[in-house]
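Here is the structure we will look at.
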Amino acid sequence: MYRPAVRAVPDPELKPPLLQTIFDIYAAEVNRAIDALVAAGTVPADANRKPVTLEPPRDPTHGDLSTNAAMVLAKPAKTNPRALAEALKQELAAAPHVEAVEIAGPGFLNLRLAEPAWIAELARIGEAGAHYGRSSFGEGVRANIEYVSANPTGPMHMGHCRGAVVGDALATLLEFTGHDVIREYYVNDAGGQVDVLARSAHLRYLEALGEDIGEIPEGLYPGDYLKPVGDALAREYGDELRNAPEADWLPTFRRKAVDAMLELIRTDLGKLGIHHDLFSSEYDLQRSGAVDRAEARLREMGHVYEGVLEPPKGELPDDWEPVELTLFRASEFGDDVDRPLKKSDGSWTYFGADAAYHLQKAEQADLLIDIWGADHAGTVKRIKAAVEALTGGKVPLDVLLVQMVRLFRAGEPVKMSKRSGNFVTLAEVVDEVGKDAVRFMMLSRRADAPLDFDFAKVKEQSKDNPVFYVQYAHARIQSMLRRAEAEGLAPAPPEDCAGHFDETDQALLQLAAQLPRIVRLAAEAHEPHRVAFFLESLAAAFHANYNRGNDDPALRVVRPEDAARSNARLALNRAVGQVIANGLGLMGVEPAHEM
RNA sequence: GCGCCCGUAGCUCAGCUGGAUAGAGCGCGAGACUUCUAAUCUUGAGGCCGCAGGUUCGAAUCCUGCCGGGCGCGCCA
């Protein structure tokens, strides 16, 4: 029913060459050092190296890079960490540009690198440009990420916004780390609420034919957005269906109305810069027999039986009565109770169809990610159970629960009521504050923490507003580069930068060079907010460095009287701007060039 | 009652999947504007990381049990 959007097939020719970053290079050196100890018999060959890390130490006085290798390997090597550290130190000291290796604390190995090592990273930022931070650890992994999946019964409201942005940013992050990503939207067009939509559209159809429909009855969708649907139906069918029984028009009206709603939703998502590769219809899924096949598969494996569920705990629904149902043994896969696949009337439950839908996704992916509202937390276990049963545990499913967004206007909460149709739509918010601000704010907290969204704050031009703060850093850098050009200066090639950076400059470069690590960590943890936090800290470091020029004119970046140093620092600042732009790009935010 | 999420500075939150002396912003105190965009920056005070055990070289991070808050509990979607 819904044509998938044309999916761009990644052209291997266009794939940029991946550069080894400074962390890759020295991680390899650490590995080499361990290899040497293995060869010497100090460390067993089968020792698990996975917990070995190479990170910038939190305290910069500890050096440029730090590894826990000695501590992690001490146990398998049956020695103490410091003794192992001594042996590793000898090996690491031979690595290029290593000025010093120190053993510290319980057995950390701290590496101090000579400037050329960092200048080389500066060169890589320039060389990779918009691709800096890209990696290939997801190479060969097909990741399916399903997000938004709002019911096609009306325009998007703010309740949908956060999941949409988080899902989209995570998808971009996974692409950037080499995964083959499918962005998917599950269209819930098979349930009763779509009948309600069709009836609501029918009423608007009568209205378009000139009937006085009065108040929209309780239980139907009252929104004006259905008027154009009614108009279109009236144009198409004229009087034909005016007095026809419901059965004559319901299926058609369902389809027409859902199509129209999806068009609305697509438009809304477009305003946020979100485009899915695939819209999958629950209705089509059921008609195709996919759900029957999934059930048969579970039945074959002995995971399905006919039975009666215990009454639910807590508040008992008024109409509860014990009935025999087709049940999936979810409790054997970690769920609390078994779950019905079919209703007593023989039709599929939402869960039954969803299980089949996940099987369909799993057949074409190595990793499944669902982005759900936190109010669906109660159904995570059952769908994970179903995926595990259906795929034999081969395809992992991660369900990200996205917490609520509380809207405020100048500190006052914005009241929303679904019943009265009085909700804040996504389009309104994007039109008011802009796509970039919305996206950044949605990523400025961990997904599982509630988020306050204050219109006043988001539009504020001050450092209280992280969107602005980061954008301003980028704009300032562009402004600086323009100014430098006017003064006859230009960013120096990396080889001319040596010796021109002081400690603060070095620290800024080292922070910018962390982008690839942050990207990787964020992608692995499925936590796009990490990019936002990184950008805030990088912007802060930039502003601080920049501002030194106000106290001491000799520390200004644009200084024609010292062109060599000025050009070197321009190269550094340009690289910082590149990193900010790349990070913003991952969040779907356009960098500002002037403000 | 059961399940999931959360509990870190007065407030809002980070904390690199177990690392070194727990960080940032706001707010509060003290400073820097003939600015390369002060739309910014510098600096000070402020902490039994909810509580109690456990796991180990090492715990805010993992496990168990409490306490407190949020969400959920259906043949709905």
Side-chain angles (χ1 to χ4, degrees), chain A residues 51 53 55-59 62 66 68 71-72 74-75 80-82 104-108 110 151 188 190-194 282 309 311-317 319-321 323 325-326 335-337 339-345 347-354 373-381 401 403-404 444-446 448-452 460-466 468-469 471-473 475-476 479-484 487 514 517-518 520-522 524-525 527 529-530 533-534 536-537 540 543-551 553 555-559 566 570 573 594-595:
Chain A
T53 59
E55 300 170 352
R58 195 160 32 199
D59 183 345
H62 289 145
S66 178
N68 62 356
M71 290 181 289
V72 169
K75 191 174 251 182
N80 71 71
R82 294 197 72 103
F108 286 101
N110 294 332
N151 288 338
N188 301 141
Q193 87 284 9
V194 183
E282 180 186 2
L309 282 176
K313 299 286 192 270
E315 229 176 294
L316 201 62
D319 54 354
W320 192 88
E321 49 188 74
V323 176
L325 297 164
T326 300
D335 200 355
D336 310 307
V337 293
R339 304 292 178 178
L341 293 167
K342 279 184 178 176
K343 304 179 198 173
S344 54
D345 68 1
S347 65
W348 297 111
T349 60
Y350 182 86
F351 167 65
D354 205 22
D375 52 343
H376 288 76
T379 60
V380 172
K381 280 186 183 176
L401 296 176
Q403 279 291 346
M404 312 212 119
S444 66
R445 289 270 176 281
R446 260 181 18 216
D448 57 9
L451 170 68
D452 291 346
E460 192 174 296
Q461 309 232 319
S462 80
K463 68 164 306 187
D464 296 359
N465 176 0
F468 172 81
Y469 187 68
Q471 289 282 30
Y472 181 46
R476 225 178 191 183
S479 159
M480 199 159 72
L481 289 167
R482 286 192 296 269
R483 169 114 189 180
E487 300 275 0
Q514 284 197 49
R517 287 185 66 242
I518 302 292
R520 186 188 171 124
L521 290 166
E524 279 175 337
E527 290 183 349
H529 76 276
R530 291 188 188 200
F533 278 96
F534 169 69
E536 285 191 57
S537 63
H543 284 306
N545 190 22
Y546 175 95
N547 218 63
R548 293 191 298 159
N550 291 335
D551 298 328
L555 286 173
R556 290 184 186 185
V557 177
V558 180
R559 265 182 95 238
S566 188
L570 281 168
N573 281 278
E594 53 190 341
M595 304 185 87

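Naming convention: chains lettered A, B, ... in sequence-line order (proteins, then strands); numbering from 1 in each chain. Just so you know, these numbers come straight off a predicted model, no measurement behind them.
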Look for any protein N or O under 3.5 Å of an N or O in nucleotides 26-31 of chain B and output each such pair with its distance, or none.
none

Identify whether any heavy atom of A/D335 sits under 4.0 Å from a base atom; if not, whether one sits that close to sugar-phosphate; answer base, sugar-phosphate or nothing.
nothing
All stems that RNA chain B takes part in, i.e. 3 or more consecutive Watson-Crick or G-U pairs with distances under 3.5 Å, are B:1-7 with B:67-73, B:10-13 with B:23-26, B:28-32 with B:40-44, B:50-54 with B:62-66
Please classify the nucleic acid contact of A/E536 as base, sugar-phosphate, or nothing, using heavy-atom distances under 4.0 Å.
nothing
Sugar-phosphate, base or nothing in reach of A/Y472, heavy atoms under 4.0 Å:
base
Quick test: give all pairs of protein nitrogen or oxygen and nucleotides 75-77 of chain B nitrogen or oxygen below 3.5 Å, distance rounded to 0.1 Å.
from	atom 1	to	atom 2	distance (Å)
B/C75	O2	A/S344	N	2.8
B/C75	O2	A/S344	OG	3.1
B/C75	N3	A/S344	OG	2.7
B/A77	O3'	A/Q193	OE1	3.0
B/A77	O3'	A/Q193	NE2	2.8
B/A77	O2'	A/N151	OD1	3.4
B/A77	O2'	A/N151	ND2	3.0

For A/N68, which contact category applies under a 4.0 Å heavy-atom criterion: base, sugar-phosphate, or nothing?
base
Rounded to whole Å, CZ of A/R445 lies from C1' of B/U12 at a distance of 6 Å
Where the side chain of A/R476 is defined as all heavy atoms beyond and including C-beta, which of B/C4, B/U40, B/C6 is the nearest nucleotide?
B/U40
Over how many whole Å does the gap from A/Q403 atom CD to B/G70 atom P extend?
12 Å
Between C1' on B/C33 and CG on A/N547, what's the gap in Å once rounded to a whole number?
10 Å
Remember a base hit wins even if backbone is also touched, and classify A/R517 as base, sugar-phosphate or nothing at under 4.0 Å, heavy atoms.
base
Measure from CG on A/N80 to P on B/G58 and round the result to the nearest Å.
14 Å
N/O (side chain, A/R548) to phosphate O (OP1/OP2, B/U42) under 4.0 Å
no
Could you state the atom-to-atom distance from CZ of A/R559 to P of B/C36 in whole Å?
13 Å
Check the geometry between A/Y546 and B/C36 and answer yes if their rings are stacked (centres below 5.5 Å, planes below 30°), otherwise no.
yes
Does OP1 or OP2 of B/G25 have a side-chain N or O of A/H543 closer than 4.0 Å?
no
Are A/K75 and B/C57 close enough that a side-chain N or O sits under 4.0 Å from OP1 or OP2?
yes
Rounded distance (Å) that lies between atom P of B/C13 and atom NE2 of A/H529
13 Å
Anything under 30° is parallel, anything over 60° is perpendicular, the rest tilted; go ahead and classify A/H529 against A/F533.
perpendicular
Residue that, paired with A/V557, satisfies side chain to side chain contact (heavy atoms under 4.5 Å, CB included) out of A/N545, A/L570, A/L481:
A/L570
